[in-house]
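All residue numbers in this chain count up from 1 along the given sequence.
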Amino acid sequence: MIQPQLASVIERRLLVNYRVDPDAIARLLPGPLRPQLVRGHAVAGICLLRLGAVRPAWAPRALGLRSENAAHRIAVEWDGPDGVETGVYIPRRDTSSPVNAWAGGRVFPGEYGRADFAVHETADRLQVAFASRDGDARVDVTVDLADELRGSGLFADLAEGSRFFRGGAKGYSATGAGDQLDGMELRTDAWRVEAGRIRSAASSFFDDPDRFPPGSATLDCALVMRNVPVDWRPLPAMAAA
């Protein structure tokens with residue numbers, strides 16, 4: 001794998017978050033990962049991400065690509081050489097971009113499936129839906145922008161939620177080989193998060209009773225990032241048990 005450092009702009013990052021029974025989540029995690037708990041709950045969700053100006057860090061911004069992407073993500077921790085580390089485990093990634101689907105796992109870490117996206121955005125509402133072309137993943141969410149984060153069982157306020165997700169900048173993805181996890185780290189000096197209020201959310205992943213028995217995965221909150229420049233840096237692969 002070539003693994004260049006990438007630069008891009010997060011044009012929109014919608015995080016739809018669930019509080020989940022830790023035992024239900026633990027069954028989905030490869031070793032050495034374990035659930036990162038907040039107030040006794042595991043944290044998982046869907047990241048609906050539109051990236052613009054994606055390019056190798058050395059390339060001019062005008063040459064960058066634009067794409068819609070989705071990741072199912074689980075907040076995790078593991079024992080590193082200097083103590084406990086935190087990040088996210090991504091069991092599935094999907095993208096609108098044939099370039100991303102081809103390059104993921106070959107040129108940069110993270111394998112992607114192809115999906116078709118339907119997006120409608122206004123200044124105060126985001127509607128994002130996608131269906132994977134293999135038929136295994138479907139998501140449809142509508143979120144209103146809000147001044148404050150209210151009603152969350154995970155986070156007391158927006159600042160607490162922002163700190164938590166900023167601490168999950170390291171992402172490890174499942175791979176087809178199954179014996180290792182691809183790693184990528186998000187870095188930015190312009191971290192900005194807004195609160196959202198979930199109007200509706202449907203997910204074939206979280207609504208699956210075989211994966212999450214009734215009551216074990218509950219919608220909690222939504223957070224939004226918009227127009228944030230970021231770098232993506234490859235991480236060493238992690239052995240999966």
Side-chain angles (χ1 to χ4, degrees), residues 13-49 69-80 83-94 110 136-141 143 149-175 178 180-186 193 195-198 200-225 235 238-241:
R13 186 188 193 198
L14 174 55
L15 295 170
V16 179
N17 305 304
Y18 293 72
R19 57 183 185 273
V20 186
D21 177 82
D23 291 336
I25 280 293
R27 291 193 292 267
L28 305 180
L29 297 178
L33 305 178
R34 56 185 181 266
Q36 182 184 6
L37 302 186
V38 176
R39 294 179 168 87
H41 303 286
V43 183
I46 310 153
C47 174
L48 299 164
L49 180 68
N69 307 276
H72 291 77
R73 39 184 282 144
I74 300 166
V76 295
E77 61 184 28
W78 63 94
D79 296 321
V84 175
E85 299 187 43
T86 60
V88 295
Y89 170 63
I90 303 167
R92 183 182 180 103
R93 294 180 185 269
D94 291 280
D136 287 343
R138 297 177 306 282
V139 167
D140 190 344
V141 301
V143 171
L149 188 67
R150 295 188 179 93
S152 172
L154 295 170
F155 310 113
D157 53 27
L158 179 61
E160 187 176 83
S162 177
R163 287 193 298 271
F164 178 83
F165 286 101
R166 189 163 195 175
K170 294 180 179 180
Y172 283 93
S173 304
T175 61
Q180 70 176 33
L181 306 176
D182 282 350
M184 185 79 87
E185 182 178 11
L186 180 157
V193 174
R197 182 173 66 87
I198 301 170
S200 63
S203 161
S204 59
F205 186 83
F206 289 102
D207 298 340
D208 180 357
D210 292 329
R211 185 179 286 118
F212 297 107
S216 64
T218 303
L219 273 169
D220 187 82
C221 65
L223 299 175
V224 180
M225 297 176 70
L235 297 170
M238 180 186 293

Pairs of donor and acceptor atoms involving the side chains of residues 13-33, under 3.5 Å and at least two apart or interchain, shall be tabulated with distances.
residue	atom	partner	partner atom	Å
Arg19	NH1	Asp220	OD1	2.6
Asp21	OD2	Asp23	N	3.0
Asp21	OD2	Ala24	N	3.1

- Query: Please walk me through it: do Tyr89 and Leu181 pass side-chain contact (heavy atoms from CB on, under 4.5 Å)?
  - Reply: CA-CA 9 Å; Tyr89 170 63; Leu181 306 176; 3.9 Å; yes

Kindly write out the residues that satisfy salt bridge (charged side-chain N to carboxylate O under 4.0 Å, His left out) with [X], not counting sequence neighbours, or none if the list is empty.
{"X": "Arg166", "value": "none"}
{"X": "Asp157", "value": "none"}
{"X": "Arg92", "value": "Asp94, Asp134"}
{"X": "Arg39", "value": "Glu160"}

To the nearest 0.5 Å, what is the distance between [atom1] on [X] and [atom2] on [Y]?
{"X": "Tyr172", "Y": "Asp182", "atom1": "OH", "atom2": "CG", "answer": "10.0 Å"}
{"X": "Leu219", "Y": "Ser203", "atom1": "CG", "atom2": "OG", "answer": "9.0 Å"}
{"X": "Phe212", "Y": "Asp207", "atom1": "CZ", "atom2": "CG", "answer": "10.0 Å"}
{"X": "Leu223", "Y": "Leu158", "atom1": "CG", "atom2": "CG", "answer": "6.5 Å"}

- Task: Kindly write out the residues that satisfy side chain to side chain contact (heavy atoms under 4.5 Å, CB included) with Thr86, not counting sequence neighbours, or none if the list is empty.
- Result: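 Per chain and number, Thr86 pairs via side chain to side chain contact (heavy atoms under 4.5 Å, CB included) with Gln36, Glu77.
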
Check [X] against [Y] and note the closest heavy-atom contact, atom names and distance.
{"X": "Ala42", "Y": "Leu37", "result": "N-CD2, 3.8 Å"}
{"X": "Ile74", "Y": "Ala44", "result": "CG1-CB, 4.1 Å"}
{"X": "Glu85", "Y": "Gly80", "result": "OE2-CA, 3.4 Å"}
{"X": "Trp78", "Y": "Arg34", "result": "CA-NH1, 4.0 Å"}
{"X": "Ala75", "Y": "Phe164", "result": "CB-CZ, 3.7 Å"}
{"X": "Ile90", "Y": "Ala71", "result": "CG2-CB, 3.9 Å"}

Are [X] and [Y] close enough that some pair of their side-chain heavy atoms sits under 4.5 Å apart?
{"X": "His72", "Y": "Phe206", "value": "yes"}
{"X": "Thr175", "Y": "Gln180", "value": "yes"}
{"X": "Val193", "Y": "Val224", "value": "no"}
{"X": "Arg163", "Y": "Phe155", "value": "no"}

- Please walk me through it: do Lys170 and Leu235 pass side-chain contact (heavy atoms from CB on, under 4.5 Å)? CA-CA 8 Å; Lys170 294 180 179 180; Leu235 297 170; 3.9 Å; yes

- Message: Go through it in stages, so that I can follow the logic: the residues are Ser173 and Arg93, the test is side chain to side chain donor-acceptor pair (under 3.5 Å), and I'd like the CA-CA distance, side-chain angles, deciding distance and then a yes or no.
- Response: CA-CA 8 Å; Ser173 304; Arg93 294 180 185 269; 2.9 Å; yes

